[in-house]
Amino acid sequence: MKPGYSLMKHYLQFKDLRAEEYAYLFERTRIIKTRFKNYEKYQPLVDRTLAMIFEKASTRTRVSFEAGMYQMGGSVVHLTTGDSQLGRAEPVEDSARVISRMVDLVMIRTYEQTKIERFAAHSRVPVINGLTNEFHPCQILADLYTYIEHRGDIRGKVVAWVGDGNNMANTWLQAAEVLGFTVHVSTPGGYEVDPQVAGIGDRSCFKVFADPLQACRGAALVTTDVWTSMGYEAENEARVKAFARWCVDSRMMAAAAPDALFMHCLPAHRGEEVAAEVIDGAQSVVWDEAENRMHVQKALMEYLLLGRIG
Ligand code: CP
Ligand code: NVA
């Protein structure tokens, strides 16, 4: 490990950073992305190592962190439950103590948020949430950057959430509270967001709608996610029945603002939570959104390891 930023910060949920830190991160993202697009080398993390621990599957999170770290001059170590002692019941606290003596940064994708919190409490280095049952802050960071890139400031705008009251929905609520916008949430009965689980203090940052079409009215951004998240596969049959009306289609997009964007964290299921005409249509920015995972996470890793640049 190299000496770095003296005030260690973890990124376990969206509200771990303040609005002015997000403004800084979005500006760093713009600079880092521009350099990347111009084939300019930018390697502030030479000799730094990121450990990535996956207890659930991933395509985007793995590729974006791994490619991003290499581009910044660092290296990565990839661990899964199946190929490490994590799958053989080594306590998470012991794993944290050991891994964090050897690397500079840890990203974890796991089940309960409490697990990543226990890891962070025993880690000598910053820990990043790469998705838990409760939150997915790196994804919302990318979504917000994508919105800003296409449309500018999100403050005061309406984001429509159509679907499960899951990790993505919870993180949108935290983002609304931190950055000052409103989320119109429509979920089937029994799958509502729980403000306590979402960890928000101000309930005025979201409004609940029984009808997904009404939630989309006037929205600047319409977004959704799979009906069945990882870890909930046993509920799939019941969910397919309950969520049938929560498919973002062209009627919902027509109810939104004329210049509304569509986002989905991916992977998507066309014909379930989103109609093909929407995700493959002109208002969809899902490919920019996926690419931006890498750019925002490069800015995040730079910030957690080096603090503010300049
Ligand atoms: N959106 C997202 O986190 O994708 P992966 O599950 O492929 O990492
Ligand atoms: N809500 C989904 C997001 C996948 C990126 C899940 O947790 O499986």
Side-chain angles (χ1 to χ4, degrees), residues 11-14 50-69 76 78-81 106-116 128-147 159 161-175 183 185-188 191-194 197-198 221 223-236 238-240 242-243 246-248 262-270 272-274 279 284-298 300-301:
Y11 192 54
L12 306 184
Q13 44 186 312
F14 194 88
L50 165 72
M52 303 191 294
I53 302 172
F54 284 97
E55 298 207 290
K56 291 176 176 171
S58 168
T59 296
R60 279 143 289 268
T61 303
R62 174 160 184 196
V63 177
S64 56
F65 270 107
E66 191 158 340
M69 193 60 181
V76 298
H78 178 254
L79 292 169
T80 66
T81 315
V106 180
M107 187 246 47
I108 307 180
R109 167 167 288 195
T110 188
Y111 293 86
E112 299 79 21
Q113 181 73 10
T114 49
K115 199 163 178 183
I116 197 170
I128 298 172
N129 182 345
L131 181 146
T132 56
N133 291 349
E134 289 86 353
F135 300 114
H136 197 2
C138 293
Q139 182 66 55
I140 301 300
L141 193 57
D143 295 6
L144 290 165
Y145 183 74
T146 308
Y147 185 84
V159 173
W161 175 264
V162 175
D164 193 14
N166 64 9
N167 43 11
M168 284 290 297
N170 290 337
T171 313
W172 271 114
L173 295 195
Q174 285 200 359
V183 186
V185 180
S186 180
T187 68
Y191 299 95
E192 295 87 355
V193 284
D194 177 342
V197 174
L221 167 63
T223 185
T224 186
D225 188 11
V226 290
W227 290 343
T228 305
S229 286
M230 292 181 280
Y232 297 83
E233 290 81 0
E235 300 174 11
N236 192 49
R239 284 172 173 264
V240 167
F243 281 79
W246 279 263
C247 172
V248 178
F262 172 77
M263 291 191 199
H264 189 310
C265 63
L266 305 176
H269 299 89
R270 289 168 177 77
E272 291 191 11
E273 75 275 6
V274 60
I279 193 168
S284 172
V285 289
V286 296
W287 313 122
D288 290 345
E289 183 189 359
E291 177 189 328
N292 281 335
R293 285 291 301 277
M294 185 175 80
H295 305 303
V296 295
Q297 287 161 196
K298 285 168 78 176
L300 177 68
M301 291 192 286

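Counting starts at 1 for both ligands and their atoms, in listed order. All figures in this text were calculated on a predicted structure; none of them were measured in a lab.
- Protein heavy atom at the shortest distance from atom 3 (C) of ligand 2 is Asp225 OD2, 3.6 Å.
- Residues Trp246 and Ser186 have side chains that bring a donor and an acceptor to within less than 3.5 angstrom of each other.
- Not a single N or O atom of Arg109, backbone or side chain, sits closer than 3.5 Å to an N or O atom of ligand 2.
- For atom 4 (C) of ligand 2, the closest non-hydrogen atom of the protein is Leu131 CD1, 3.8 Å.
- When the options Leu12, Ile116, Thr171 are evaluated for a side chain to side chain contact (heavy atoms under 4.5 Å, CB included) with Thr132, the one that passes is Ile116.
- Side-chain atoms of Gln297 and Ser64 form a donor-acceptor pair, as typed in the model, at a separation below 3.5 Å.
- At least one heavy atom of Arg109 sits closer than 4.0 Å to an atom of ligand 1.
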- What's the verdict on side-chain contact (heavy atoms from CB on, under 4.5 Å) for Leu79 and Met52, showing C-alpha distance, side-chain angles and the deciding distance? CA-CA 6 Å; Leu79 292 169; Met52 303 191 294; over 6 Å; no
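- Atoms of ligand 1 lying under 4.0 Å from at least one heavy atom of Cys265, given by number and element, are 1 (N).
- Those atoms of ligand 1 that come under 4.0 Å of a heavy atom in Thr59, given as number and element, are 5 (P), 7 (O), 8 (O).
- Listed by number with element, the atoms of ligand 2 under 4.0 Å from a non-hydrogen atom of Asn166 are 1 (N).
- Shortest contact from atom 8 (O) of ligand 2 to any protein heavy atom: Met230 N, 2.8 Å.
- Ligand 2 has at least one atom lying under 4.0 Å from a heavy atom of Leu266.
- Atom 2 (C) of ligand 1 has its closest protein heavy atom at Arg293 NH1, 3.4 Å.
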- Going through the checks in order, is the side-chain contact (heavy atoms from CB on, under 4.5 Å) test met by Met168 and Phe135? CA-CA 6 Å; Met168 284 290 297; Phe135 300 114; over 6 Å; no
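- Remark: minimum distance from atom 7 (O) of ligand 2 to any protein heavy atom is reached at Asn167 ND2, 2.8 Å.
- For the side chain to side chain donor-acceptor pair (under 3.5 Å) with Gln113, the lone residue among Asn167, Asn170, Asn129 that qualifies is Asn129.
- Counting only N and O atoms by type, the side chains of His264 and Glu289 include no donor and acceptor under 3.5 Å apart.
- For the side chain to side chain donor-acceptor pair (under 3.5 Å) with Lys56, the qualifying choice from Thr80, Thr110, Asn133, Thr61 is Asn133, the only one to do so.
- Only the backbone of Leu266 comes within 4.0 Å of ligand 1, judged by heavy-atom distances.
- In this structure, the protein non-hydrogen atom closest to atom 4 (O) of ligand 1 is Arg60 NE, 2.8 Å.
- Taking the six-membered ring for Trp and the full ring otherwise, His78 and Phe54 have centroids separated by under 6.0 Å.
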